[in-house]
Amino acid sequence: MNSTELANLIFPNAKEISYYEEKYKTRDLSEGALVTRYAPSPTGFNHIGGVMQAMIAQKLAKQTGGKYIVRIEDTDQKREVENAAEQIMQNLKDFDLLPDESIWQEGQYGPYKQSQRAEIYQAYAKSLIEKGLAYPCFCSSEDLEQIRTNQESAKERTGYYGKWTKCRNMPIDMAADKIKAGEPYIIRFKSPGNPEKKIKHKDAIKGNIDLPENDQDIVIIKSDGLPTFHFAHAVDDHLMGVNLVNRSDEWIPSVPLHLQLFYTLGFKSPKYAHTAPMMKMEGESRRKLSKRKDPEANAGYYREIGVPKEAVKEYLMNIANSNFEMWRKQNPDKPMDEFPFDLKKMGVAGALFDLVKMLDVAKNVISRYSAQEVYDEAYDWAKEYDEELLQLLENKEYSLKVLGIERGNAKPRKDIAKWSDLKNAISYMYEFDKENTHFEYQKITDPAEIDKIVKMYFEKYYDPKDDKQTWFDKMKDLAEELGYSREVKEYKANPDAYRGHVGDISTVIRVKLTGRCQTPDLYEIMQVLGKEEILRRI
RNA sequence: GGCCCCUUGGUCAAGCGGUUAAGACAUCGCCCUUUCACGGCGGAGACAUGGGUUCGAUUCCCGUAGGGGUCACCA
C-alpha cells in the first residue's frame, strides 16, 4: 500500500483540495487592504479582551478598505457552552462590532463555524497524508503519558517529536491493518523542523522575535474527526483570505508551528499582530483578567452596570493606542471611526485593567450627550435592569428637562459614569416625600431659623419668572436681610459679624426643596420643578 | 525546568544618545458669583539592578533580579 491508498482508507469521502481552492477564490481587494478576523471559541461569555481584539480587527479592516470577519472556533465540542456563539455575536452587536461576514452574515467564504467545515479540514489532512506529510498515530493517552514520564525522567523536552514519535515511521501497511482492525487513531503532522535552528518572526506589534523551529508532530485531526486549533487556523485563514491575524500574545510560542503549517500546506502565511492581554492586580503580582474570577472580564458586565458602549470602546482604544486620549481631546466631537489606529503604537506589555479610568472616560462620554441621548440610552438600560428608574423616565417631557440641567453648555456636568448612577442622581426631582425627609444641614439646625429663611424667601423674594442673575441677587438680598453676608469672602474675613453667609441661605432652600445638601445648580432645579411643585415641597 | 516576551511615578503611558523625563487617571492644596460636579492653578510622585559602549545613557549591548506567557486529541 502507498500513501495515497492510506489517505483514501482514512478519508474515503474527502474531496480534492483543488475543489476548495477553486470554491474560495482569492478576494478582490486593493493593495494593502487587510482582511482580519475575530475567532472566539464558544466556551462562555465574551471576554473584554475579545472586544478589544474584535475592535482592532474591525478598525484595521475599515481603515484599509478590507474585510473583517468573525469565525466561531468550536472544534472542542467538550468545552462548548450552549448558546455561547449566539451570545458572543449579540455582545459584538451591542458594541457595534458586527463583522462583514460571520454566522449572522454569511459571505462567500463560509461556513463561519468550524464544526461545519470538518470536511474541508479533512480534505487538506488527506492531501498531507498522500504526500507523506502527515500520518495516523495510534498512541493512546496512556502511551503519551508514558512518553512524557520517560522524557521527564531523562530531563528532555516533553512532546511528540524526533525519536519519541512512535507512529511516525510505522510502515504504511501496518497502519492500514490497524485502521482496518478498528483501532482508534488521530492524524499527526510530520514536522520537518529542527529546534536547533531559529526562525525570524516579524510581528506587527512586537517586532522581531527569534524562535526555535517547531519539531512537534502535533495532532491535526482529532479522534472525533475535527481539527485542532492549529490546523484549522491555517486552513481557514488561508481559505478565507485573512492576511492579518491579531490575537493575544499567548500564541507567540505557536508561531513557528503555524508558519510551518502554512508553508507545508503551500499557503501564504498571514501577518501576525500579537497583543498583550489585560492584567489585574492580585496581591503583589499581576495576572491576566480572568473570566472566572473577575466580573469586569465579562464584556457583558458593562452593559449590565450601564457603561455606554462608546465609553468601553474608548477606554479599550486608549489601551490599544494611548495617543487616542490626545486625539479625543483635540477632536471632542468626532466619531471614533476617524481616529487613525496604528498597530505599531500598541504597547508590548500587558496593561493593568483600570475600571476607575474607564468610568472617568464614561463620564466624559456621557457629558457630551444631549439630554435626548441620555434619555434614550438610559431608558433602554432601565427597561432591562432598573424598573424604578424606568418609572421615573416614563414621564418623558419632564425627564428631558431634568436631564438637561447643566447639560449642553461649555462646562457640562460630569457626574454620571453609568446608567446605574442615574436614579440616585435624579430621583429627588421626581419624588419628594415631605413627611419623611429629614432636614439635615449641619450648619443650621434650629427649626425656627430654617422656617424664617424659607418663609421670608418665598413670601418676599421668590418669583418663578426671575432670570438667573435676579434670582441670585435676591438670594444675596435675603442673606443680608437676615444677618448673613452677601459674599462668602466677607464672612470668612469676619465670621463674628454674621450669622453665616449666602451659601448657608441657599443651602437651606436647597435642602428644603430637594432633601439634599448637594445638588446641581439650584436655579435650574427650581426652574424645572416649577412653582407649583416648589410650593408643595415647602 | 526549556523556550519566548516584558520592566519609566499608585495606574495607563510619551520618549526612540544630550529633555527642567510630556500627558491622562487617582491623590493633596488653592482658586472660581452659594453646595456638588465642571473648570483653572499648583504640590507630591518614576526611568528595577550591576557592568559595559560612548564626550554623554531612560534610550544601545551583556549579566542579575522581578513579572508574564507557553510547553494537550483546549483554544
Side-chain angles (χ1 to χ4, degrees), chain A residues 39-43 73-76 78-79 137 139-141 144 148 152 155-160 184-188 195 201 203 206-207 209-212 216 218-224 226-230 232-233 247-256 274 276-277 279 281 284-288 315 318-319 322-323 325-326 328-329 345 347-354 356-361 363 367 406 409-416 425 441 468-469 472-473 475-476 479 484 486-489 501-507 509-511 516-523:
Chain A
S41 51
T43 55
E73 309 228 316
D74 61 341
T75 54
D76 185 358
K78 293 184 291 293
R79 290 204 313 159
C137 171
C139 291
S140 64
S141 52
L144 297 174
R148 168 194 291 278
E152 280 171 356
K155 292 211 183 337
E156 294 196 37
R157 273 188 302 132
T158 56
Y160 207 82
Y185 64 95
I186 47 87
I187 307 298
R188 283 185 188 275
H201 165 63
D203 194 88
K206 309 253 180 192
I209 306 175
D210 289 350
L211 294 157
Q216 300 274 344
I218 58 117
V219 176
I220 57 175
I221 301 288
K222 300 182 286 185
S223 54
D224 60 4
L226 288 171
T228 54
F229 163 80
H230 307 291
H233 158 51
R247 38 139 78 150
S248 167
D249 66 10
E250 69 199 40
W251 291 107
I252 287 178
S254 301
V255 166
H274 288 98
M279 312 293 284
M281 213 59 179
E284 292 291 283
S285 65
R286 36 177 77 192
R287 44 155 248 255
K288 285 200 290 182
Y315 174 70
N318 203 226
I319 287 184
S322 64
N323 56 317
E325 213 164 13
M326 310 273 188
R328 173 49 80 209
K329 202 166 188 175
K345 289 206 172 83
V348 287
L352 223 46
F353 183 83
D354 188 349
V356 175
K357 176 97 182 183
M358 182 195 277
L359 293 178
D360 182 70
V361 172
K363 284 180 189 171
S367 78
E406 290 188 71
N409 54 29
K411 289 182 181 180
R413 293 188 75 76
K414 296 183 181 176
D415 50 356
I416 306 292
Y441 180 44
K468 185 161 184 182
Q469 191 57 50
F472 202 84
D473 290 341
M475 202 59 82
K476 289 182 178 179
Y484 292 73
R486 293 183 69 94
E487 310 291 343
V488 179
K489 276 180 190 163
H501 58 74
V502 62
D504 297 326
I505 295 294
S506 64
T507 300
I509 308 286
R510 182 191 313 279
V511 176
R516 299 188 186 190
C517 290
Q518 299 169 351
T519 73
D521 185 74
L522 185 54
Y523 172 76

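Nearest to the side chain of A:P212, among B:rC3, B:rC73, B:rG69, sits B:rC3. Ranking B:rC5, B:rC6, B:rU33 by closeness to the A:V348 side chain, first place goes to B:rC6. When each of B:rA72, B:rC73, B:rC5 is scored by its nearest atom to the side-chain atoms of A:I209, the top-ranked nucleotide is B:rC5. Distances were taken from every side-chain heavy atom of A:R148 (C-beta onward) to each of B:rA72, B:rG69, B:rC25; the shortest belongs to B:rA72.
Rounded to whole Å, atom P of B:rC71 lies 12 Å from atom CD1 of A:I218. Rounded to whole Å, atom P of B:rC36 lies 12 Å from atom CG of A:D504.
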### Task
For RNA chain B, just give me the dot-bracket, please: Watson-Crick or G-U, both distances below 3.5 Å, ( ) intra-strand, [ ] crossing earlier pairs, | paired with another strand, . unpaired.
((((((((.[[[..)..(....]]].(((((.......)))))....[[[[[..)....]]]]])))))))....
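Contact check, A:K222 against B:rC74: a side-chain N or O comes under 4.0 Å of OP1 or OP2. One finds no side-chain N or O of A:K411 lying less than 4.0 angstrom from the OP1 or OP2 phosphate oxygen of B:rC32. The side chain of A:K363 places no N or O atom within less than 4.0 Å of a non-bridging phosphate oxygen (OP1 or OP2) of B:rA24. In terms of phosphate contacts, A:K78 brings a side-chain nitrogen or oxygen within less than 4.0 Å of OP1 or OP2 of B:rC74.
You'll find the side chain of A:S254 stays beyond 4.5 Å of the side chain of A:H233, heavy atoms only. Taking 4.5 Å as the limit, some side-chain heavy atom of A:N318 sits within range of a side-chain heavy atom of A:K357. A:V255 has its side chain within reach of A:H274: a pair of non-hydrogen atoms, C-beta onward, lies under 4.5 Å apart. A 4.5 Å side-chain heavy-atom check between A:F229 and A:S41 finds every atom pair outside the cut-off. By the 4.5 Å heavy-atom criterion applied to side chains, A:W251 and A:H230 are counted as neighbours.
Residue A:R516 places no side-chain atom within donor-acceptor reach of the base of B:rC36, judged by atom type and a 3.5 Å distance cut-off alone. With hydrogens and angles ignored, no donor-acceptor pair closer than 3.5 Å exists between the side chain of A:T228 and the base of B:rC73.
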Close N/O contacts between protein and nucleotides 11-15 of chain B (under 3.5 Å):
residue : atom : partner : partner atom : Å
B:rC12  : OP1  : A:R286  : NH1          : 3.4
B:rC12  : OP1  : A:R286  : NH2          : 3.3
B:rC12  : OP1  : A:L352  : N            : 3.2
B:rA13  : O3'  : A:S322  : OG           : 3.2
B:rA13  : O2'  : A:S322  : OG           : 3.3

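Comparing the C1' positions of B:rC74 and B:rG69 gives a spacing of 16 Å, expressed to the nearest Å. To the nearest whole angstrom, the two C1' atoms, one in B:rA72 and one in B:rG15, are 42 Å apart. The gap from the C1' atom of B:rG50 to that of B:rG39 amounts to 48 Å, rounded to the nearest Å. If you take atom C1' in B:rU59 and the same atom in B:rG1, they sit 33 Å apart, rounded to whole Å.
For A:Y315, the ring-ring contact (aromatic ring centres under 6.0 Å, His included) criterion is met by A:F353, not counting sequence neighbours.
Residue-level contact check: A:P40 touches neither bases nor backbone, having no heavy atom under 4.0 Å from any strand.
Salt-bridge check for A:K329 with A:E325: failed, with every basic side-chain N at 4.0 Å or more from each acidic carboxylate O.
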